[in-house]
2 protein chains.
Amino acid sequence: MKKISIKKGEFLQKSGDLNTKVYHVQSGLLRSYIIDEKGKEHIFSFAPENWVIAGSLPPEVPADLYIDAIENSVVLVVNKDIRLEGKNAGALIRRIAVLQKRVIMLMSDSALKRYEHFIQTYPDIVKRVPQKMIASYLGITPEALSKVKNERNRNH
Amino acid sequence: MKKISIKKGEFLQKSGDLNTKVYHVQSGLLRSYIIDEKGKEHIFSFAPENWVIAGSLPPEVPADLYIDAIENSVVLVVNKDIRLEGKNAGALIRRIAVLQKRVIMLMSDSALKRYEHFIQTYPDIVKRVPQKMIASYLGITPEALSKVKNERNRNH
DNA sequence: AGTGTGCATTAATCTAGATTAAGAAATCAG
DNA sequence: CTGATTTCTTAATCTAGATTAATGCACACT
């Protein structure tokens, strides 16, 4: 398994790439995101230490995500087939649970509730990432996030 | 593996249930959904023939979804652990891909685009399900869906 | 046949969050 | 250290979609 060092701002994968890999983050912080037709970024996931981040599973399909480094990072390139084995299936199921909750939140919760959920689920990421990326992950603009935070402080 | 017949409107599972199962639909049509604190339904997934539908994976966690029948249906109760084996891992990965696309669509696409995507991805479901359920799946109100369809017809 | 009850549509109004713009604060490059 | 480029915030305006409400339909039922 190859170990890769990647500097802040560098890409691990771009949308359209074939033969994508799965990466296990050893240190640092990565993100995956799409760029829509208006050129706007939408962050799909953050991956700090000990998380896994992947382009498109299955790997024979072109990636629809960009992956780049928010901090200087070291990642392990995981052999793709490991995903399918024993304890890794557990990780897949956890991933599905997280995605399911995210879909439900996007359908039914306000920006404020999504933000509350985010900061209490990923408190460390909140501190390490610029606001505009949090907004992007929540599916709102940075301006809207500013408003939300204000409102939140008012009702301390 | 038990086979169960379930009539239109009956429940297979309710939010809060423990020890949830995975169901393989043999005939008919099911849906899974949440009810938010305002009492509003949000459909998480439809499951026609040959699809699988599940409450919370993992099964030891209380279900957060309701599952009921939109048509009279017959389902197979799947032994939970089958999920983790061989070819079923492929199904998990496909499920993740679908969820990923859904998250991205909810974050970046308009109601119109989500509707277009839905009717061309699930053309048979469109015909079998009331409009309000399609709206609920798309994350909009039935009124908004009516508008969208109108607009769509105008630009035939 | 009549009479509910739920579904779909239209229209009027309202609102969360988008967009645009501009200034202040932070970060970066040389 | 310093100017330049990003980031964050505030404020004004705009808009997609929510809410509310009314109407017409298609069914079930007794």
Side-chain angles (χ1 to χ4, degrees), chain A residues 7-10 29 31 33 35-43 46 68-72 103-119 125-155, chain B residues 7-10 29 31 33-43 46 68-72 104-119 125-155:
Chain A
K7 290 214 192 86
K8 182 172 173 169
E10 287 179 347
L29 179 57
R31 64 170 177 159
Y33 59 99
I35 299 184
D36 69 22
E37 66 269 21
K38 285 167 216 140
K40 211 167 150 191
E41 287 174 12
H42 301 271
I43 294 182
F46 294 107
D68 68 10
I70 297 174
E71 303 172 357
N72 295 337
V103 166
I104 287 171
M105 284 204 316
L106 284 169
M107 289 200 301
S108 61
D109 289 347
S110 67
L112 174 59
K113 283 192 93 178
R114 299 203 301 276
Y115 178 62
E116 301 272 16
H117 180 266
F118 182 79
I119 59 183
I125 291 182
V126 177
K127 294 179 222 124
R128 290 162 70 182
V129 149
Q131 299 302 303
K132 63 164 197 165
M133 288 193 189
I134 295 175
S136 171
Y137 179 92
L138 295 176
I140 60 178
T141 58
E143 292 85 353
L145 178 55
S146 257
K147 253 202 273 189
V148 162
K149 292 196 333 185
N150 242 304
E151 193 183 331
R152 219 174 89 85
N153 288 336
R154 240 187 294 290
N155 318 350
Chain B
K7 289 216 193 83
K8 183 173 172 169
E10 287 179 348
L29 179 58
R31 64 170 177 158
Y33 60 97
I34 59 150
I35 299 183
D36 69 22
E37 66 268 22
K38 285 168 215 139
K40 211 167 149 190
E41 287 175 10
H42 300 271
I43 294 183
F46 294 108
D68 69 9
I70 298 173
E71 303 172 358
N72 295 338
I104 288 172
M105 284 203 315
L106 285 168
M107 289 202 300
S108 62
D109 289 347
S110 66
L112 174 59
K113 284 193 91 177
R114 299 204 300 277
Y115 178 62
E116 300 273 16
H117 181 267
F118 182 79
I119 59 184
I125 292 182
V126 177
K127 295 178 223 126
R128 290 162 69 181
V129 149
Q131 298 302 303
K132 63 166 197 164
M133 288 193 188
I134 296 176
S136 171
Y137 179 92
L138 295 176
I140 60 178
T141 57
E143 292 85 353
L145 179 55
S146 258
K147 254 203 272 189
V148 162
K149 291 195 330 186
N150 241 304
E151 194 182 330
R152 219 174 87 85
N153 288 336
R154 242 188 291 292
N155 319 347

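Throughout, protein chains are lettered first and strands after them, A, B, ... in sequence-line order, and every chain is numbered starting at 1. For clarity, every value in this text was computed on a predicted model and none was experimentally measured.
The two atoms that bring N72(A) and K7(A) nearest to each other are OD1-CA, 3.3 Å, heavy atoms only.
The main-chain N or O of L112(A) is never found under 3.5 Å from a side-chain atom of R152(A) such that the two would form a donor-acceptor pair.
Using a 4.0 Å heavy-atom distance criterion, G139(A) is classed as a sugar-phosphate-only contact. K40(A) comes within contact range of the sugar-phosphate backbone alone, with a heavy-atom separation under 4.0 Å but no base atom that close.
Atom-to-atom, NZ of K147(A) to P of dG17(C) comes out at 8 Å; the value is rounded to the nearest Å. Atom P of nucleotide dT9(D) and atom CG of N150(A) are separated by 8 Å, given to the nearest angstrom. Between E143(A) atom CD and dA12(D) atom P there is a gap of 15 Å when expressed in whole angstrom units.
In the set dT7(D), dT9(D), dC28(C), dT9(D) carries the atom at the smallest distance from any side-chain atom of K149(A). Listed nucleotides: dG17(D), dT7(D), dA18(C). Nearest to the side chain of I140(A): dA18(C). Side-chain proximity of K8(A) to dC7(C), dC28(C), dT9(D): nearest is dC28(C). Ranking dT9(C), dA18(C), dT9(D) by closeness to the Q131(A) side chain, first place goes to dT9(D). You'll find that the side chain of T141(A) is closest to dT19(C), out of dT9(C), dA18(D), dT19(C).
In summary, K132(B) and E41(B) do not engage in a salt bridge, as defined by a charged side-chain N under 4.0 Å from a carboxylate O.
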